[in-house]
Number of protein chains: 2
Amino acid sequence: MSAASQARPPTLEDVARVAGVSRATVSRVINTTRNVDPVIQETVRRAIAKTGYTPNTAARSLVTRRTGTIALVVSGAGDFGGDILVDPFFGRVASGIISALRPRGIYPLLMFADTPETRAHVVDHLRQGNADGALVVAIHSADPLPAMLVAANVPSVLFARPTRPLPISFVDLAHREGGRLAVDHLVARGCRRVATISGPLDVPASQERLAGFREAWVGHGNPEAPFVEGNFTLDSGERAMERLLAEHPDVDGVFAANDLMASGALHVLRDHGRRVPDDVAVIGFDDSSAATASRPALTTVRQPVEDMAAEMASLLLDRIGRQDRRVTSVVFEPTLVVRQSA
Amino acid sequence: MSAASQARPPTLEDVARVAGVSRATVSRVINTTRNVDPVIQETVRRAIAKTGYTPNTAARSLVTRRTGTIALVVSGAGDFGGDILVDPFFGRVASGIISALRPRGIYPLLMFADTPETRAHVVDHLRQGNADGALVVAIHSADPLPAMLVAANVPSVLFARPTRPLPISFVDLAHREGGRLAVDHLVARGCRRVATISGPLDVPASQERLAGFREAWVGHGNPEAPFVEGNFTLDSGERAMERLLAEHPDVDGVFAANDLMASGALHVLRDHGRRVPDDVAVIGFDDSSAATASRPALTTVRQPVEDMAAEMASLLLDRIGRQDRRVTSVVFEPTLVVRQSA
DNA sequence: CCCCAGTCGGAGAGCGCTCTCCAATGACTC
DNA sequence: GAGTCATTGGAGAGCGCTCTCCGACTGGGG
């Protein structure tokens with residue numbers, strides 16, 4: 001046992017010798033690449049089991065030019081100090097992607113990129129053939145990485161539409177519709193004086209959520225509603241809510257562009273003695289873990305992240321498998337999850 | 001440009017031809033493996049730049065038997081539904097490891113393992129040479145993965161000491177000391193009737209934190225303090241606090257074995273109209289993002305996760321680099337971070 | 001009975017790299 | 001001036017695998 005574990009691991013050649021066939025035949029059995037006589041197949045399988053053979057990935061990818069690995073690139077996490085995984089929304093995207101890959105026996109190479117150097121390094125790493133393609137979660141809208149990947153000819157799929165058109169696949173949400181969903185619920189609850197805490201306005205998703213909110217609110221025959229710009233963090237949600245309360249003390253409904261900011265709003269409302277949802281109804285966005293962790297739990301616009309992640313994986317694997325250059329994108333519909341806050 | 005990106009990527013051979021030297025010389029320049037005449041070095045570098053050469057990882061690792069990749073294995077996350085990354089503590093461990101690896105230009109292969117099948121798959125993947133070693137974060141104490149890795153001869157480093165002795169390196173915290181730190185602070189604040197919410201008692205770290213707490217409390221001349229067992233989740237912290245309050249309404253200090261449970265305790269205390277820290281002081285453990293996100297922010301026993309993660313990476317890379325079988329472990333000291341809750 | 005198509009195993013080239021040898025050169029000693 | 005040795009470039013084997021050929025064998029039709 002100990003001796004065996006020290007020895008050179010068994011190769012195809014070894015298996016072939018034990019099975020009394022050629023290397024090619026063993027390879028064919030393993031890859032089911034052509035018909036092989038069932039009897040011989042069985043012999044080979046037994047030889048594989050006996051030798052404890054396991055294919056050498058490096059040798060295989062040297063000839064196939066495939067690694068069977070894909071990269072999960074999180075770009076622009078710099079300001080989060082590398083703790084981006086802990087962000088309830090991005091963490092969920094990452095987990096979703098990982099879970100979607102798992103049934104296919106693929107483990108992602110996890111790469112962070114924020115500075116120009118790390119971005120270049122990531123692209124190099126990919127060009128060196130360490131992965132067959134990349135699933136990219138870019139936090140900032142102006143991220144240059146997607147364009148670099150296109151230039152380097154690395155098959156990629158983005159989470160969220162790139163700011164400027166690019167020949168690259170992506171998966172996105174109908175954010176505008178999400179804003180509308182929130183308004184409809186607030187209106188149905190009888191809210192008359194609503195406000196919204198938007199995400200950073202240079203992010204397309206933020207713009208869309210805000211636009212959807214405004215359109216729907218005005219569409220219900222209301223005057224324009226106030227809004228404050230946040231940056232998707234808990235703190236910014238608190239600050240925004242403070243300001244909203246100061247400027248519009250009679251507000252009775254708030255739509256925040258993500259759960260973290262909604263959660264911050266909840267803190268401030270409580271500190272000011274407002275009951276949620278009785279005095280003020282609050283709706284978040286994402287349906288991340290922050291939504292269920294909040295007290296009261298957040299009513300929120302859900303992004304089907306797991307489905308979106310699975311779609312990203314499918315799009316990428318299709319693209320890699322078919323070797324075509326075609327670019328396909330998919331847009332998902334949000335749904336409203338009603339909990340206690342509205 | 002477009003034509004170039006379609007063509008077969010340049011190889012060492014191509015660079016050698018352009019530079020007018022042999023393949024071996026180019027390889028030597030790239031790997032700085034032996035003295036090469038500075039003039040020739042320069043010529044080679046220029047040829048590399050000109051051709052846009054990038055080494056083929058597969059070919060390289062076929063001969064070196066190294067991949068330059070290491071695996072980050074999260075084991076036993078099943079009950080977290082794959083969202084383990086979002087857990088403020090484990091997410092921090094993962095981020096810490098990733099950040100520690102980054103300066104070395106290494107991107108980890110992210111692997112989850114919870115069922116027997118996935119565990120076997122992970123070990124197979126590792127044996128196939130997809131990574132040179134593994135950094136393992138095992139959630140449950142009885143996790144069989146570490147033993148499997150030892151058996152498969154995969155160089156590994158664990159986060160936290162394995163329950164039963166195993167010839168495997170690990171990085172851990174002096175949990176007992178952490179419990180003591182919490183007690184000392186509570187006592188210094190003048191708390192007289194304290195209680196603790198422990199983690200699951202089959203986890204060594206939970207036992208140690210509890211033991212440290214008890215020893216220190218009794219050491220200060222107090223009678224035994226009550227405790228309730230939790231399971232490290234927010235919900236369990238809430239339930240435990242409810243029970244504590246019911247059975248010991250006069251409690252004036254609580255030590256929870258992690259921040260999430262402390263956060264749950266905070267919710268319950270507020271619901272019961274207790275002011276924190278005036279009526280009841282609360283101390284958490286970990287110093288995870290949950291500590292700063294709580295209101296009031298949690299005073300907590302900090303684990304230096306970033307340092308611990310960096311140490312894991314160092315231990316593993318040393319072990320891989322030196323090819324020795326030696327097993328080294330490091331235990332870190334906790335510190336108390338004082339915020340508002342105590 | 002022969003021929004041809006179809007089926008399936010084996011031989012061998014080659015993927016891109018590293019690394020061991022070997023040879024050539026020059027420096028230095030005696 | 002010859003021998004020794006350190007220094008540095010090149011040739012070529014070989015890492016473990018896939019895949020294209022090729023050849024052997026089978027069966028069925030004319």
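Quantities reported herein were computed from a predicted structural model and do not represent experimental measurements. Sequence lines set the chain letters: A, B, ... in the order given, protein chains first and strands last, and positions in each chain run from 1.
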(message) What contact category does A/Arg65 fall into here, base, sugar-phosphate, or nothing, at under 4.0 angstrom with non-hydrogen atoms?
(response) sugar-phosphate

(message) Given C/dC15, D/dG9, C/dC8, identify the nucleotide with an atom nearest to the side chain of B/Val36.
(response) D/dG9

(message) Looking only at the side chain of B/Ala24 (C-beta and beyond, no hydrogens), which of the listed nucleotides C/dC17, D/dG12, D/dT18 gets closest?
(response) D/dG12

(request) Give a yes or no on whether B/Arg161 atom CZ has more than 12 heavy-atom contacts from other residues, nucleotides or ligands under 6.0 Å away. (result) no

(request) Whole angstrom is fine here: how far is it from CZ in B/Arg28 over to C1' in D/dG12? (result) 13 Å

(request) Would you mind checking if A/Arg46 and A/Glu42 are paired as a salt bridge, meaning a charged N to carboxylate O distance below 4.0 Å? (result) yes

(message) What is the distance, to the nearest angstrom, from the CD atom on A/Glu13 to the P atom on C/dG10?
(response) 12 Å

(request) Write down the distance between CG (B/Asn31) and P (C/dC17), rounded to a whole number of angstrom. (result) 10 Å

(request) Measure from CD1 on B/Ile40 to P on D/dG9 and round the result to the nearest Å. (result) 4 Å

(request) Could you tell me whether the phosphate oxygens of D/dT7, OP1 or OP2, come under 4.0 Å of any side-chain nitrogen or oxygen in B/Asn35? (result) no

(request) Could you walk me through whether B/Leu149 and B/Val136 pass side chain to side chain contact (heavy atoms under 4.5 Å, CB included), step by step? (result) CA-CA 10 Å; B/Leu149 291 170; B/Val136 183; 3.6 Å; yes

(request) Send over the distance from A/Tyr53 OH to D/dT18 P, rounded to a whole Å. (result) 6 Å

(message) Taking the nucleotide of DNA chain C with the nearest heavy atom to each, does B/Arg34 or A/Ala59 sit closer to the 5' end?
(response) A/Ala59

(message) Would you say that A/Ile168 contacts A/Leu158 through its side chain, given a criterion of any heavy-atom pair below 4.5 Å between the two side chains?
(response) yes

(request) Give the nucleotide from the list D/dC17, D/dG9, D/dG14 with an atom nearest to the side chain of A/Thr11. (result) D/dC17

(request) Return the value, rounded to whole Å, for the distance between atom CG of B/Leu62 and atom C1' of C/dG14. (result) 12 Å

(request) State plainly whether the residues A/Arg102 and B/Asp114 are in salt-bridge range, i.e. N to O under 4.0 Å. (result) yes

(request) Name the closest nucleotide to the A/Val21 side chain, picking from C/dG10, C/dC17, D/dC19. (result) C/dG10

(request) Quickly work out the A/Arg23 CZ to D/dT20 C1' distance and round it to whole Å. (result) 13 Å

(request) Provide, to the nearest angstrom, the distance between the CG atom belonging to B/Asp37 and the C1' atom belonging to D/dT8. (result) 8 Å

(message) Under 4.0 Å from OP1 or OP2 of C/dT18: is there any side-chain N or O of B/Ser27 that close?
(response) yes

(request) Would you tell me if any nitrogen or oxygen in the side chain of B/Thr64 comes within less than 4.0 Å of OP1 or OP2 on C/dT18? (result) no

